[in-house]
Asker: 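Dropping a structure here in structure tokens format, bear with me for questions.
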Amino acid sequence: MPIPSTIPDGAAPRFVLVATHAEGDSGVFDVHELRGEDPRTAQPSQKESLREGQEPAEESPAGVVLILDEALRPLTGPLSFSYEDIGDLVTWAEARALRWVWESTRYWYGMFLTDGMTVERCWDLGLCRTILSSSPATAGGGYAADARDAPAGDLDAAAPAGPEPGAQGSLFAAPAPRGASAQTVGREFAAQRAAVPRTTAGRKLELLLAAESAGALIAAEIRATGMPWSTRVHRALLEDQLGPRPPEGHRPQKLERVVEELRAALGAPKLNPDSPQELLRALHRAGIDAASTSQWELADHEHPALEVLERYKKLSRLFTSNGWAWLAMWVRDGKFWPDYTVGGVVTGRWSARGGGALQIPATVRSAVRADPGCKLVVADASQLEPRILAAMSRDEALAIASTGKDLYQAIANRGFGGDRASAKIVMLGAMYGQTSGDAGRLMPQLAKTYPQAVGLIEHAAREGEAGRNVSTFLGRGSPGPDDAFAAARRAANSLDATPADQSRADSIARSRGRFTRNFVVQGTAAEWALCWLGQVRLGIRRQLPDLSSRIVFFLHDEVMLHVPADQADEVVRIVHAAAARATELVFRSDLVETPVTVAVVDSYDQAK
DNA sequence: TGTTAGGGCGCG
DNA sequence: AAAGCGCGCCCTAACA
């Protein structure tokens, strides 16, 4: 592609804006309609139906790019590209450290990766829009409304200060066409940049947007790489615990035997143990006075059948959730393929769909194995949430407690007579809003010893109870109260409110308080983890540029890399350094320590 | 027959 | 009666 030759002398390209078409173009699909689709696996019929016109020739344009400078002035006109020839552009842009701006990293970068191309930085407009729309840090909090209501041209005029746009007028002043044209994408990008204020809050927000976008790159890379998974080991494990693979619709032998044992123990020969109703009735008949069949409830009861039931539940879980059917569905070519949704949780955590990627049970982790000559580097941020709370609240006492290896022991030693178990319960209880039991009883002591930390989460709880929103440290806003909250409050405030109305409203308010209380901590921890992950990625790209060490899994505060054995030591160093750097980036302070535990292993079960 | 709600449990 | 937070997935049961 003749990109470089079209750039004026002296111009400084900063962004590569990617869209499906220029205004007036047709014959290419609309990225909005493809969102959520995997370009690699989408059925041909679906893909083709999105193209207006003839058979999709191999040479057909896949989209257009526009090179922009810092002031978002286009340095080129919209240039069509096809998958076949975008490689030169990627090389050119990466050599200049440009940031790729697009609506969906999942879509565009997924495509790049299929063709073996990587990029270093991006701005994911879809993800950033979600953050900006609800962040209290956006100028006046009105980004969403502005973006919707502003007349054409205004958004461009409101772009951040910089060199004035050329006299010929900006491309983005044009009226919005339908679909993701370069003009639409450009206008959205300008609006998003303008929404970030030049304040401390804006600086934090910018970090969050960058981290979220980096996360999107990583999620796409994990999706393209897959997590090494040994079908052989998994099958052996299943046969060992369940017996041979049963015919469709049948229980495996060993599971069936446990069912028989359970029926005998409960004197219920036809019991279906998967039916909570039937099971509860059978328990009652056997003299077990339980209110539900959950393991938590049954732990308080004593009966020979309960040990059998527990064994049944464990094995049944393995069979239904991670058995042969799961293996056939989700493991291909020796890999499990996690499909992440970046920012899929309101707090900013990732969610995942398909295969339960974020719930891989300990029982099957031995099937996650490094290739020959390779290692898994498994790292997790120890006791992350209380450390995050210490940092975001600037609680000096808790910061001091964070400098040891074991935060809970340090808390125990100051205020709880050295009792680690109690210290942990009360700390977790404080972050989750527990009021009962030991957690509730010890709370006053925690509040006295760590007033800043407890004050922060108590304040978040009060805000939530009052129906107001809270925000993470970097500025991700919580969702507002739901309809049930408002309805309950209306009912409680009405003239003929009953005590029941009042207690219901109180209950819902407290529930929201627990949510907002936890939101600030869980959400800020997610931001830290995202920065950590981003720094791990950058470290690998820069220090091990052959890209054979790869991030293959991410789970809230844990990351796994698959690396050549001779790179393992360097990766371990990178992972540690990235954690320290993340803390500096987010909190601009190193008073609180955020140590990570790193294991170099051959299989996942060997980590911790 | 297909959809939805809720119990239960895996992960952090 | 109230009950520590956030998820996804499997199952049954209820309902259209």
Asker: Phosphate oxygens OP1/OP2 of dG7(B): is one of them under 4.0 Å from a side-chain N or O of Thr293(A)?
Answerer: no

Asker: Side chain of Arg365(A), backbone of Tyr604(A): donor and acceptor closer than 3.5 Å?
Answerer: no

Asker: Check the distance between dG10(B)'s P and Gln359(A)'s CD and give it to me in whole angstrom.
Answerer: 11 Å

Asker: For the pair Thr472(A) (side chain) and Gly523(A) (backbone), establish whether a donor and an acceptor sit closer than 3.5 Å, ignoring hydrogens and angles.
Answerer: no

Asker: In whole angstroms, how far is the P atom of dG12(B) from the CE atom of Met427(A)?
Answerer: 20 Å

Asker: Over all strands shown, is Thr435(A) touching base, sugar-phosphate only, or nothing at heavy-atom distances under 4.0 angstrom?
Answerer: sugar-phosphate

Asker: Could you tell me which residues satisfy side-chain hydrogen bond (donor to acceptor under 3.5 Å, both in side chains) with Arg462(A), sequence neighbours excluded, listed by chain and number?
Answerer: Glu458(A), Glu465(A)

Asker: Looking for any heavy atom pair under 4.0 Å, which part of the strands does Ser294(A) touch: base, sugar-phosphate only, or nothing?
Answerer: sugar-phosphate

Asker: Any side-chain N or O of Asn322(A) under 4.0 Å from OP1/OP2 of dG10(B)?
Answerer: no

Asker: Checking contacts here: which listed nucleotide (dG6(C), dA13(C), dC11(B)) is nearest the side-chain heavy atoms of Val346(A)?
Answerer: dG6(C)

Asker: Counting only N and O atoms by type, is there a donor-acceptor contact under 3.5 Å from the side chain of Lys375(A) to the main-chain atoms of His562(A)?
Answerer: no

Asker: Let me spell it out: for each of Val345(A) and Trp296(A), pick the nucleotide of DNA chain C with the closest heavy atom. Which residue's pick is nearer the 5' end?
Answerer: Trp296(A)

Asker: May I ask you to say what Glu278(A) touches in the nucleic acid, namely base, sugar-phosphate or nothing, with a heavy-atom cut-off under 4.0 Å?
Answerer: nothing

Asker: Look at the side chain of Thr449(A) and the backbone N and O of Gln445(A), then say whether any donor-acceptor pair between them is shorter than 3.5 Å.
Answerer: yes

Asker: Need the pair for dG4(C). Rule: Watson-Crick or G-U wobble, both distances under 3.5 Å, any strand; none if unpaired.
Answerer: none

Asker: Using whole Å, report how far CE of Met560(A) lies from C1' of dG12(B).
Answerer: 14 Å

Asker: From C-beta outward on Phe515(A), which listed nucleotide comes closest to its side chain: dG6(C), dA2(C), dC11(C)?
Answerer: dG6(C)

Asker: Arg365(A) near the nucleic acid: base, sugar-phosphate alone, or nothing, with a heavy-atom cut-off under 4.0 Å?
Answerer: sugar-phosphate

Asker: What is the nucleic acid contact for Ala362(A), judged by heavy atoms within less than 4.0 Å: base, sugar-phosphate only, or nothing?
Answerer: sugar-phosphate

Asker: Between the base of dC7(C) and the side chain of Arg349(A), is there a donor-acceptor distance below 3.5 Å?
Answerer: no

Asker: Think Ser321(A) has a side-chain N or O under 4.0 angstrom from the OP1 or OP2 of dC9(B)?
Answerer: no

Asker: Measure from the ring center of Phe336(A) to the ring center of Trp326(A) and say whether it is less than 6.0 Å.
Answerer: yes

Asker: Provide, to the nearest angstrom, the distance between the CD atom belonging to Gln295(A) and the P atom belonging to dC9(B).
Answerer: 4 Å

Asker: For the backbone of Ile457(A) and the side chain of His459(A), can you confirm whether one donor and one acceptor N or O come within less than 3.5 Å of each other?
Answerer: no

Asker: With a non-hydrogen cut-off below 4.0 angstrom, is Gly355(A) in contact with a base, only sugar-phosphate, or nothing?
Answerer: sugar-phosphate

Asker: By nearest atom, which of the nucleotides dG4(C), dG10(B), dT12(C) is closest to the Gln434(A) side chain?
Answerer: dG4(C)

Asker: Looking across every strand, which nucleic acid part, if any, lies under 4.0 Å from Thr363(A) by heavy atom: base, sugar-phosphate, or nothing?
Answerer: nothing

Asker: Round to a whole Å and report the spacing from CG of Asp300(A) to P of dA3(C).
Answerer: 18 Å

Asker: Categorize Glu385(A) for me: base, sugar-phosphate, or nothing, with a 4.0 angstrom heavy-atom threshold over every strand shown.
Answerer: nothing

Asker: Where the side chain of Glu558(A) is defined as all heavy atoms beyond and including C-beta, which of dT12(C), dG12(B), dC9(B) is the nearest nucleotide?
Answerer: dG12(B)

Asker: Can you tell me the distance, in whole Å, between the CZ atom of Arg251(A) and the P atom of dC11(C)?
Answerer: 11 Å

Asker: May I ask you to say what Ala439(A) touches in the nucleic acid, namely base, sugar-phosphate or nothing, with a heavy-atom cut-off under 4.0 Å?
Answerer: nothing

Asker: Please report the distance, rounded to the nearest Å, between OH in Tyr312(A) and P in dG8(B).
Answerer: 14 Å

Asker: Give Gly354(A) one of three labels, base, sugar-phosphate or nothing, depending on what nucleic acid heavy atoms sit under 4.0 Å from its own.
Answerer: sugar-phosphate

Asker: Using whole Å, report how far CG of Leu358(A) lies from P of dG8(C).
Answerer: 8 Å

Asker: Select base, sugar-phosphate, or nothing to describe what Ile360(A) touches, counting heavy atoms under 4.0 Å on all strands.
Answerer: sugar-phosphate

Asker: Taking 4.0 Å as the cut-off, does a side-chain nitrogen or oxygen of Ser316(A) come that near to OP1 or OP2 on dC10(C)?
Answerer: no

Asker: What's the closest nucleotide to the side chain of Thr320(A) if the choices are dC5(C), dG8(B), dC11(C)?
Answerer: dC11(C)

Asker: Side-chain N or O of Lys313(A) less than 4.0 angstrom from OP1 or OP2 on dC9(B)?
Answerer: yes

Asker: What is the nucleic acid contact for Asp380(A), judged by heavy atoms within less than 4.0 Å: base, sugar-phosphate only, or nothing?
Answerer: nothing

Asker: Please confirm whether the shortest side-chain N or O distance from Arg514(A) to OP1 or OP2 of dC5(C) is below 4.0 Å.
Answerer: yes

Asker: Measure from the side chain of Ser436(A), starting at C-beta and using heavy atoms only, and say which of dA3(C), dT12(C), dG12(B) lies closest.
Answerer: dA3(C)

Asker: Do the two ring centres, one from Phe587(A) and one from Phe473(A), sit under 6.0 Å apart?
Answerer: yes

